[in-house]
Amino acid sequence: MRHIPFVFAGKCPYCGDVLEEGENECSVCRLQFYKFRYRRKLSDDIECIAPFRYDGSISDAIVRFKKSGCRQFAESCGEQISHLLNYAIPPDIVTCVPMYWLDKWTRGFNHAEKIARCTARIHKLPYAALLRKKRHNQTQHKLNAEQRKQNILGVFEAVNLPQIEGKRVLIVDDVCTTGFTLEECGKMLRLAGAESILCAVAALGGRRMVPEVL
Ligand SMILES: [Zn+2]
């Protein structure tokens with residue numbers, strides 16, 4: 001008779017298959033990982049990298065993650081982003097795109113922070129909250145490109161300034177499509193004295209996105 005564990009380890013955040021204990025993704029999904037890096041310049045001095053191209057299947061996984069806070073998804077993305085960092089100029093510190101405090105309180109967690117903290121732990125880098133979102137704004141995906149740009153202007157400010165000065169900062173988020181949010185966060189950190197900015201997301205979209213074989 002097949003042994004049925006009393007406590008199930010969980011489901012694969014990508015395909016929903018039952019996981020073995022200690023796994024963050026199933027062996028079938030894992031076979032497709034660590035092969036590509038997606039990258040895109042967000043501005044002259046800010047670049048974004050990602051393990052996934054933003055498409056339907058990953059967007060479903062991200063929606064589930066944002067609802068549940070699924071630990072395995074954050075761990076799996078953290079591991080993959082950490083792997084991509086081996087091909088980049090190493091950052092000194094990791095931070096995330098912040099949520100407005102009331103939105104974070106309502107959801108119970110910041111999904112970007114979960115991925116950022118996993119990335120930092122796995123890559124043995126410090127994590128710190130270096131940005132604050134000053135007010136609630138409209139959800140970006142309901143707006144057109146010009147409205148998105150306006151919607152995000154002046155929303156973020158840098159905090160913990162001594163930890164920013166002269167540092168190479170990695171900003172983590174779940175998704176990058178227009179890039180306006182990450183670009184604005186990067187600008188605030190540069191103004192606060194960061195030496196350089198690298199962005200990393202779970203999934204990257206946009207026409208100028210370039211897939212590279214690792
Ligand atoms: Zn799977």
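Just follow the structure's listing: the first ligand is 1, and inside any ligand the first atom is 1.
- Inspection of the Glu183 and Ser43 side chains reveals no N or O donor paired with an N or O acceptor under 3.5 Å.
- In this structure, Phe33 has its ring center closer than 6.0 angstrom to the ring center of Tyr14.
- A donor-acceptor pair shorter than 3.5 Å cannot be found between the side chains of Ser196 and Arg190.
- Using a 30° and 60° split on the angle between ring planes, Phe65 and His111 fall in the perpendicular class, above 60°.
- Taking a cutoff of 4.0 Å between a charged side-chain nitrogen and a carboxylate oxygen, Arg30 and Glu23 qualify as a salt bridge.
- Electrostatic pairing of Glu47 and Arg39 counts as a salt bridge here, judged by a charged N lying under 4.0 Å from a carboxylate O.
- For the Zn ion (ligand 1), protein N/O/S neighbours under 2.8 Å (waters excluded) are Cys12 SG, Cys15 SG, Cys26 SG, Cys29 SG.
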